[in-house]
**Q** 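Pasting a structure here, questions to come.
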Amino acid sequence: MFENFMIHTWIASTIIAVTAGILGFFVVLRRSTFAAHALPLATFPGAAAAQLLGIQPLWGLLGFVTLAVVLLHQLQKLGRKDVAAGLVLVTLLAVGSLLLSMTNTYAPAVFSLLFGQVLGISAADLWPVASIASLVLIGAMGLYRPLLLQSAFPELAISRGISAGVIDILFLGLLGLVTAMAMPVVGALLVFSLLIAPAAAAQSLSARPLQALVLAVIFSVGMMWLAIALSFWTNWPIGFFVGSLGALLFTSARLFRYIRHRWFSQRLPAAISRPMKLIPAAQPGEA
Amino acid sequence: MHEHTNLPTPATSSHHADTSCASVLDVEDLTVSIGGRMLLQGVTFALQPGQLCGLIGENGAGKTTLLRSLIGVQPSPHGQVSISGLSPRKSRDLVGYVPQKINFSPDLPLRVYDLVQLGCDGHRLGPRWFSRRLHQQVMAALDAVGAQDFAYQRIGELSGGQQQRAVIAHALARRPRLLLLDEPLANLDFRSANELAGLLGHLTRVHGIAVLVTAHDMNPLLPVMDHIVYLAKGRAASGSVREVVQSATLSKLYGYPVAVIEHGGRVLVLPHADAKVGEDGCYLMPNGSTSGGQA
Ligand SMILES: Nc1ncnc2c1ncn2[C@@H]1O[C@H](COP(=O)(O)OP(=O)(O)OP(=O)(O)O)[C@@H](O)[C@H]1O
Ligand SMILES: [Mg+2]
């Protein structure tokens, strides 16, 4: 399974898993899981549009994901996040069904966009993946602290001059890039499980933000590799393994946390509040 | 945007007088309306360094709205707000804010320590490098609010009062020059409420920070407070504690009988029905009388 043609698969899927793990951390943190579900599906018609126009599928996907992100951002400003995501999803899917009826895209192509074609990746496919991934990584690393604060407590962030609107559109933009990059490889449905499951599992295991982020990446890469290996040996679709491994991972993480809680809460005294101390006039930071 | 250099913020040099600008906070003719409804109308007051000012008024009077205008978050305010001579948007490094509604989800991968750390550098871009100075600053803020013992616990799993302490530490971490607290006493037990009042008093007296704090139960704050701004029907008035904390004034302000009594050398504010005349050395101030009221 490490033959030459498989090397590209390993490289591409590892890059995608790392990126999805990092961005998934913020998706779960911001409770934007529905947006993460809606975006890939809303982007999916982009492929049909690209075929109609006779351009590269990736451009179609990027175009549609931009449309979806802008629409989502605008709708979110008006009201609830989940309603906005739902509206974007149905609107673009409707457009998608129209476009699909106009093209003569045959079923296997649609199927592979939904579930991915991870075993058929060429060297040329690697470039867009690698370049978009580095863009996303730089963006996520740069925004790490404002994004963390804004996701944890929006009002505290606003008081620090971190604009909710700017953070939201930047975050959605990064999510859109990941979506467009990962879709042709792992498929619209799997982007979602790759984004959500490892990050959610990591966040229920670790209370430290950076540790949870690293854990999410490790889970995501591990899940991806295992899924490819299993798919190679069994000849079953990779989607089946990514989806079910994700569910398994999340369930075991929650179970582990529950057990650890039961175990520890019997041993540890409850946290107490110590008396407040007066900060000495000579400030420690300046000493 | 933020031109201020690294962590040791301009904040509180322990000298009181800021010579360049006399008042830390200057609010002039501030008017805020939401959806055509006038919430605040011509609010004018000022805060000097080292002053601890209470902001009172009934539910819905606009206290939170006023604080939000001061940090430049409230949409479409009219009038002048200046903080050390700067507009709210330019003075974010000088202001610490503790919101009224604190609500952390239990799954949030964030410890109290991390939240306080974000209080120092949450607005900065790029990855964070380890810094002893940052660590010390965080520990000092945690110490100040007595949160050392739960500093490394997931914040969403703490009690409401503990979360409140964490947010106060977050606001203190950068040593602001102006501290705005929205109902910081609401979730605190007796001891913590008194301690927080002591801490605020200390911050104002020793560090010269100006504090504006809203509170419905102002008793813990009365010993340290020196000024009160009160809001009613969108208008504001201010006065010294001695002037405002009087039965007649407060009753009129809240539209509910309020008694001001003295007990054991302290002035206490109570709803009328609970205040008993002549019991245990307490006495009910006659309406409109001016005796009592401690600075
Ligand atoms: N987003 C909003 N949209 C419309 N009206 C609002 C909004 N936020 C607040 N208000 C209104 O503004 C008024 C003042 O609210 P504010 O939260 O400032 O009161 P408050 O003095 O802080 O009250 P409390 O003591 O209950 O905290 C209220 O009547 C409220 O209905
Ligand atoms: Mg309020």
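A note on names: the letters A, B, ... follow the listed sequences, proteins ahead of strands, and every chain is numbered from 1.
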**Q** Does either side chain, that of A:W225 or that of A:T14, offer a donor lying less than 3.5 Å from an acceptor on the other one?
**A**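 Judged by distance alone, the side chains do pair up.
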**Q** Could you check, using the six-membered ring where one of them is a Trp, whether B:H135 and B:Y113 have ring centers closer than 6.0 angstrom?
**A**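 Yes; B:Y113 has its ring centre under 6.0 Å from that of B:H135.
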**Q** Checking heavy atoms, do the side chain of B:E157, its backbone, both or neither come under 4.5 Å from chain A?
**A**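 For B:E157, the side chain is the part near chain A, not the backbone.
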**Q** Looking at B:D107 and A:R254, is any side-chain nitrogen of the basic one under 4.0 Å from a carboxylate oxygen of the acidic one?
**A**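 The answer is yes: the pair qualifies as a salt bridge.
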**Q** Answer with side chain, backbone, both or neither: which region of A:A152 has an atom nearer than 4.5 Å to a non-hydrogen atom of chain B?
**A** both
**Q** Report which part of B:I155 has an atom under 4.5 Å of a heavy atom belonging to chain A: side chain, backbone, both, or neither.
**A**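 Neither part.
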**Q** Please rank B:L118, B:V167, B:L180, B:V73 by heavy-atom pairs under 4.5 Å with chain A and give me the top one.
**A**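 It is B:L118.
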**Q** Between A:I162 and chain B, which part of the residue has a heavy atom less than 4.5 Å away: side chain, backbone, both or neither?
**A** side chain
**Q** Check whether A:R30 gets within reach of chain B through its side chain, its backbone, both or neither, counting any heavy atom under 4.5 Å.
**A**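 Nothing of A:R30, per the 4.5 Å heavy-atom cut-off to chain B.
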**Q** Would you say the side-chain atoms of B:Q137 and B:R174 include a donor-acceptor pair closer than 3.5 Å?
**A** no
**Q** Hey, are B:D143 and B:Q148 close enough side-chain-wise for a donor-acceptor pair under 3.5 Å?
**A**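 Yes, B:D143 and B:Q148 have a side-chain donor paired with an acceptor closer than 3.5 Å.
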**Q** What part of A:S206 lies closer than 4.5 angstrom to a heavy atom of chain B: side chain, backbone, both or neither?
**A** backbone
**Q** Less than 4.5 Å to any heavy atom of chain A: does that hold for the side chain of B:D114, its backbone, both, or neither?
**A**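 Contact with chain A is through the side chain of B:D114 alone.
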**Q** Give a yes or no on this: more than 12 heavy atoms of other residues, nucleotides or ligands lie within 6.0 Å of atom CZ of A:R208.
**A** no
**Q** Which of the residues B:V98, B:V95, B:L115, B:L125 is involved in the greatest number of heavy-atom pairs with chain A at under 4.5 angstrom?
**A**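 When all of B:V98, B:V95, B:L115, B:L125 are compared, B:L125 has the most.
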**Q** Return the option, out of A:L143, A:V28, A:L148, with the maximum number of heavy-atom pairs under 4.5 Å with chain B.
**A** A:L148
**Q** Is chain A contacted by the side chain of B:R68, its backbone, both, or neither, given a heavy-atom distance below 4.5 Å?
**A** side chain
**Q** Run through B:L86, B:I209, B:L178 and flag the one making a side chain to side chain contact (heavy atoms under 4.5 Å, CB included) with B:L94.
**A**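 Exactly one option meets the side chain to side chain contact (heavy atoms under 4.5 Å, CB included) with B:L94, and it is B:L86.
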**Q** With no hydrogens and no angle check, do the side chains of A:S159 and B:R92 hold a donor and an acceptor under 3.5 Å apart?
**A**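 Not at all, the side chains of A:S159 and B:R92 share no donor-acceptor pair under 3.5 Å.
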**Q** Which answer fits A:L147, side chain, backbone, both or neither, if we ask what part of it has an atom under 4.5 Å from a heavy atom of chain B?
**A** neither
**Q** With chain A as the partner, which of B:G156, B:G72, B:G122 has the greatest number of non-hydrogen pairs under 4.5 Å?
**A**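 Heavy-atom pairs under 4.5 Å are most numerous for B:G122.
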**Q** Would you list the pairs meeting ring pair (Phe, Tyr, Trp, His ring centres under 6.0 Å) in which at least one residue belongs to residues 146-176 of chain A, sequence neighbours left out?
**A**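 Counting only pairs at least two positions apart or across chains, the ring pair (Phe, Tyr, Trp, His ring centres under 6.0 Å) contacts touching residues 146-176 of chain A are A:F153-B:F104.
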